[in-house]
Protein chains: 2
Amino acid sequence: MSQTPQGSCCPAPESVPAGRPPAVGTGGRYTISEVAERTGLSAHTLRWYERIGLMPHIDRSHTGQRRFTDRDLTWLDLVGKLRMTGMSVADMVRYAELVRAGEHTYPERRRLLAATREDVLRRIDELRDTLAVLDFKIAHYTGYEDTPAVSEEAATP
Amino acid sequence: MSQTPQGSCCPAPESVPAGRPPAVGTGGRYTISEVAERTGLSAHTLRWYERIGLMPHIDRSHTGQRRFTDRDLTWLDLVGKLRMTGMSVADMVRYAELVRAGEHTYPERRRLLAATREDVLRRIDELRDTLAVLDFKIAHYTGYEDTPAVSEEAATP
DNA sequence: TAGAAGGTTGGAGTGCACTCCAGGCAAGCC
DNA sequence: GGCTTGCCTGGAGTGCACTCCAACCTTCTA
């Protein structure tokens, strides 16, 4: 898998000259604004994510600016997906901590993700229910010209 | 359909004696705590929903206490479903206003729900993506005993 | 008659997830 | 040298969706 912060275990494999025009190669050393653009998150949010421990340690240029790697981007991708499941930021931080803690946390990570998986399945089901209701109502509203006055009665989808 | 607030158009069809032990018949005249229990919303939230215009006019007993009808419950059911799609309370209030405004708002209601429907479809897709990622990671964590040290590399699901 | 239970109100408070601000620093350009 | 751009920091502020509070009222039960 690829969406995993490595904690402070290992420096970025490449050390591109950290000057002004930031490198945008495939190895990746992206500035905060580049990452903001790619992920749709604001720079504020990225800094905040780092501060609360939702990001692994992020490299810095010699002037102290953040340089995100492709690994960071992949992690942010996972974070985005987890976020979408309704997982709280606090729980994601917990997961990030487990990842940083090392491989002995595999069982707990598995439990955490399995629980999330159940949430996702439940959510999908609920959304499908909602879809049925929406379809029913939309159909009703679409053919409204020939419906009587007190129309929205009976027949719950 | 049945999930529709009727605004102030028509009084509840039945007027059960509004005394202390609240009627729990099929016609329904439920107290706020009964509705709280049935819907999982708190009494606070139910009052708040009414205050912000997310509920139709709610009947009162002769002592001024709320008496919810089955119609109210059905509306709350829809509200719950819409809420789950990620629709904001403000948008739901907007929809409630359209419903109160009468049948001439059918086209706009349809548009609003159709947009929501699209959101739901998109969301279901995203959740399915997430599910794939979760399955991949869970599988990895499950067979962790025989994986090498730097294991979470490559192969994004 | 007292007290408990369950309701009422307006308004204040809470928690989450950002979001912004002020003040500052480094690099590049005219 | 001065200006702009882009980033840095700690801490304060924002918006949403509740959630709670204090003071009060009715009705029922002991």
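Keep in mind that the numbers below use all heavy atoms, side chains included, and drop hydrogens, waters and symmetry copies. Residue numbers start from 1 in every chain, and the chains themselves are labelled A, B, ... in the order their sequence lines are given, proteins ahead of strands.
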- Item | Nucleotide nearest B:Trp48 (side chain, heavy atoms from C-beta), chosen from D:dT27, D:dT19, C:dA27 | D:dT19
- Task: For the side chain of A:Ser88, starting at C-beta, report the closest nucleotide among D:dT26, C:dA17, C:dC21.
- Result: C:dA17
- Hey, can you tell me if A:Trp75 and A:Tyr95 have their rings parallel, tilted or perpendicular (30° and 60° cut-offs)? parallel
- Message: Can you identify which nucleotide, out of C:dC18, D:dA17, C:dG7, has its nearest atom closest to the A:Arg83 side chain?
- Response: C:dC18
- Query: So how far is it from B:Glu37 CD to B:Ile32 CD1, rounded to the nearest 0.5 Å?
  - Reply: 13.5 Å
- Query: Name the one of A:Arg29, A:Arg67, A:Arg66 that satisfies salt bridge (charged side-chain N to carboxylate O under 4.0 Å, His left out) with A:Asp59?
  - Reply: A:Arg29
Under 3.5 Å, N/O pairs linking protein and nucleotides 9-13 of chain D:
unit_1	atom_1	unit_2	atom_2	d
D:dT9	OP1	A:Arg60	NH1	3.3
D:dT9	OP1	A:Arg60	NH2	3.3
D:dT9	OP2	A:Arg66	NH1	3.1
D:dT9	OP2	A:Arg66	NH2	2.5
D:dG10	N7	A:Arg51	NH1	3.3

- Would you kindly give the CG-to-C1' distance between A:Leu46 and C:dC20, to the nearest whole Å? 15 Å
- Return the nearest nucleotide to the side chain of B:Val89; candidates are D:dG6, D:dC18, C:dG7. D:dC18
- Task: Can you sort out the partners of B:Glu118 under side chain to side chain contact (heavy atoms under 4.5 Å, CB included), two or more places apart, ordered by chain and number?
- Result: B:Leu121, B:Arg122
- Where the side chain of B:Ile32 is concerned, which of C:dT8, C:dC21, D:dC18 is the nearest nucleotide? C:dT8
- Query: Could you walk me through whether A:Met92 and A:Arg83 pass the side-chain contact (heavy atoms from CB on, under 4.5 Å) check?
  - Reply: CA-CA 8 Å; A:Met92 293 192 304; A:Arg83 202 63 212 79; 3.5 Å; yes
- Query: Considering only C:dC18, C:dG7, D:dG6, which nucleotide approaches the side chain of A:Tyr49 most closely?
  - Reply: C:dC18
- Message: If the condition is side chain to side chain contact (heavy atoms under 4.5 Å, CB included), which residues does B:Ser33 pass it with, not counting sequence neighbours?
- Response: B:Thr31
